[in-house]
Amino acid sequence: MNFDLPILAPSILAADKAQLGAQVQATLDGGAQWIHCDIMDGHFVPNISFGPNVVASVARISDEAFMDVHLMIENPDQYIEAFCDAGADLISVHVEACVHLHRTIQLIRSHGAMTGVVINPATPVSAIEPILAEVDLVLLMSVNPGFGGQQFIPATLSKVEQLVALREKQELSFLIEIDGGVNSKNIVEIAEAGVDVLVAGNAVFSAENISAKVTELQSTLSNLRSE
Ligand code: DX5
Ligand code: ZN
């Protein structure tokens with residue numbers, strides 16, 4: 001997986017589901033390469049979103065789109081195969097939802113997807129330290145999971161610093177993703193803290209022109225690379 005980092009990952013939770021195909025296409029037209037799919041079961045989080053069939057429909061829109069699937073569900077092991085069959089390129093699971101996290105990460109990899117582990121705002125980085133060498137990505141929740149359109153939790157940035165230091169010390173190469181409350185006002189600070197993938201839902205899909213907003217946010221990130 002080689003993407004020019006940092007990269008924007010529009011979250012389709014915020015898309016108008018009556019126009020999902022057109023709105024996803026608009027993000028791709030604007031230069032998006034990742035599509036963030038928030039899967040919610042109404043148990044692990046107090047909201048219900050969508051399942052593998054919607055992921056499969058979105059994956060069919062473009063072979064190039066990298067399908068970044070974020071499972072906010074209990075017993076994720078039961079659904080790994082279904083989301084891989086639906087076209088997930090990467091599946092992230094919450095440490096708070098996994099009794100046997102190491103086995104779940106192995107299960108995701110055995111189905112051919114890249115692996116991610118997620119921690120909620122109140123979960124310390126130390127809770128995932130033992131698994132860092134096994135994952136391709138760490139997803140830091142910068143809001144309490146379940147809903148888009150919330151305020152970014154600034155304390156998340158100290159977790160980014162901890163992960164950057166751990167990645168360097170252990171000579172690992174996992175990506176750092178942040179998720180929740182990202183917008184044009186905080187995107188530079190977040191990327192400069194060392195975040196590789198920035199999820200944005202409402203900042204993208206509430207825009208008048210979705211395509212232009214993606215281009216604007218992604219070029220803000222791309223300009224940081226060249227500095
Ligand atoms: C929240 C989801 C986030 C959310 C981001 O549980 O994991 O991906 O959709 O939406 P915004 O960017 O609107 O906070
Ligand atoms: Zn998410």
Side-chain angles (χ1 to χ4, degrees), residues 6-17 20 23-24 26-27 30 32 34-52 54-55 58 65-74 76 79 83 88-97 108 113-123 135-157 159-160 175-191 195-208 210 213-214 216-218 220-221:
I7 200 162
L8 185 78
S11 161
I12 59 173
L13 182 72
D16 173 358
K17 302 305 178 293
L20 183 57
Q23 292 197 348
V24 167
T27 67
W34 284 41
I35 299 293
H36 186 81
C37 301
D38 286 312
I39 310 303
M40 301 177 180
D41 65 357
H43 293 278
F44 180 69
V45 292
N47 194 4
I48 297 174
S49 61
F50 47 85
V54 172
V55 172
V58 171
F66 186 85
M67 301 300 289
D68 169 27
V69 175
H70 173 193
L71 297 185
M72 287 164 275
I73 65 175
E74 289 179 355
Y79 297 94
F83 281 104
D89 292 298
L90 186 149
I91 295 181
S92 293
V93 292
H94 275 256
V95 63
E96 303 91 349
I108 296 169
M114 300 184 77
T115 61
V117 63
V118 197
I119 54 174
N120 283 332
T123 303
V135 296
D136 300 301
L137 177 139
V138 174
L139 171 49
L140 295 173
M141 291 309 299
S142 39
V143 295
N144 288 300
F147 300 92
Q150 301 177 78
Q151 284 302 307
F152 180 82
I153 299 172
T156 318
L157 294 178
K159 291 185 181 178
V160 175
L175 295 179
I176 301 171
E177 183 173 28
I178 211 158
D179 187 6
V182 175
N183 56 48
S184 42
K185 294 187 190 63
N186 59 23
I187 194 168
V188 170
E189 182 191 14
I190 293 168
V195 175
D196 302 304
V197 184
L198 293 87
V199 175
N202 279 269
V204 166
F205 291 102
S206 64
E208 200 58 33
I210 290 170
K213 179 55 78 174
V214 169
E216 174 210 319
L217 294 173
Q218 185 57 62
T220 301
L221 294 174

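All ligand and atom numbering here is 1-based and tracks the order in the structure. For clarity, every value in this text was computed on a predicted model and none was experimentally measured.
Checking Asn183, Asp179, Ile12 against atom 8 (O) of ligand 1, the nearest heavy atom belongs to Asp179.
Protein heavy atom in closest approach to atom 9 (O) of ligand 1: Asp38 OD2, 2.9 Å. Looking from atom 1 (C) of ligand 1 to the surrounding protein, the closest heavy atom is Phe147 O, 3.6 Å. For atom 10 (O) of ligand 1, the nearest protein heavy atom (residue, atom name, distance) is Gly148 CA, 3.6 Å.
Ligand 1 is never approached by Phe152 to a heavy-atom distance shorter than 4.0 Å. Remark: distances from the non-hydrogen atoms of Ala200 to ligand 1 include one below 4.0 Å. Within the 4.0 Å heavy-atom shell around ligand 1 one does not find Ala203.
With rounding to the nearest 0.5 angstrom, the CZ atom of Phe50 is 4.5 Å from the CD1 atom of Ile39. Here CZ of Phe83 is found 11.5 Å from CD1 of Ile108. Values are rounded to the nearest 0.5 Å. From Gln23, atom CD reaches atom NZ of Lys17 across 8.5 Å, with rounding to the nearest 0.5 Å.
If you look at Asn202 next to ligand 1, the close heavy atoms, those under 4.0 Å, come from the backbone and the side chain alike. Contacts between Pro145 and ligand 1, counted as non-hydrogen atom pairs separated by less than 4.0 Å, involve both the backbone and the side chain.
Asn47 contributes no side-chain N or O that, together with a main-chain N or O of Met40, makes up a donor-acceptor pair within less than 3.5 Å. Side-chain atoms of Asn183 come within 3.5 Å of backbone atoms of Lys185 as a donor-acceptor pair (strictly under, hydrogens ignored). Gln218 places a side-chain N or O within donor-acceptor distance of the main-chain N or O of Pro6, the cut-off being under 3.5 Å. Of the possible donor and acceptor atoms, none in the side chain of Lys159 sits under 3.5 Å from a partner among the backbone N and O of Met141.
Between His70 and His94, the ring-plane angle classifies as parallel under the 30° and 60° cut-offs.
The angle subtended at the Zn ion (ligand 2) by ND1 of His70 and OD1 of Asp38 is 90°, given to the nearest 10°. Here the angle at the Zn ion (ligand 2) defined by NE2 in His36 and OD2 in Asp179 stands at 100°, rounded to 10 degrees.
Close contacts between ligand 1 and Val199 involve ligand atoms 8 (O) [criterion: under 4.0 Å to a heavy atom]. Of all atoms in ligand 1, listed by their number and element, those nearer than 4.0 Å to a heavy atom of His70 are 7 (O). Heavy-atom contacts of Gly149 reach the following atoms of ligand 1: 11 (P), 13 (O), 14 (O) (cutoff under 4.0 Å). The distance from ligand 1 to the heavy atoms of Gly180 drops below 4.0 Å at these ligand atoms: 14 (O). Ligand-side atoms of ligand 1 in range of His36: 8 (O), range being under 4.0 angstrom from any heavy atom. Residue contact check: Met40 has heavy atoms under 4.0 Å from atoms 6 (O) of ligand 1. Listed by atom number, the atoms of ligand 1 under 4.0 Å from Gly181 heavy atoms are 11 (P), 12 (O), 14 (O). Close approach of ligand 1 to Leu13 (heavy-atom distance below 4.0 Å) involves ligand atoms 9 (O).
The two residues Val45 and Asp41 come nearest to each other via the heavy atoms N-OD1, 3.9 Å.
Put simply, the residue from Leu221, Val182, Leu140 that forms a side chain to side chain contact (heavy atoms under 4.5 Å, CB included) with Ile190 is Val182. Checked against Ser11 for a side chain to side chain donor-acceptor pair (under 3.5 Å), the options Asn202, Asp68, Asp38, Asp179 give a single hit: Asp38.
Thr27 is listed as a side-chain neighbour of Ile210, based on a closest heavy-atom distance under 4.5 Å.
More than 12 heavy atoms of other residues, nucleotides or ligands sit less than 6.0 Å from atom CZ of Phe44.
Remark: ligand 1 and Gly146 share an N or O pair separated by less than 3.5 Å (distance only, no angle test). Taking only nitrogen or oxygen atoms, main chain and side chain alike, Gly201 reaches within less than 3.5 Å of ligand 1.
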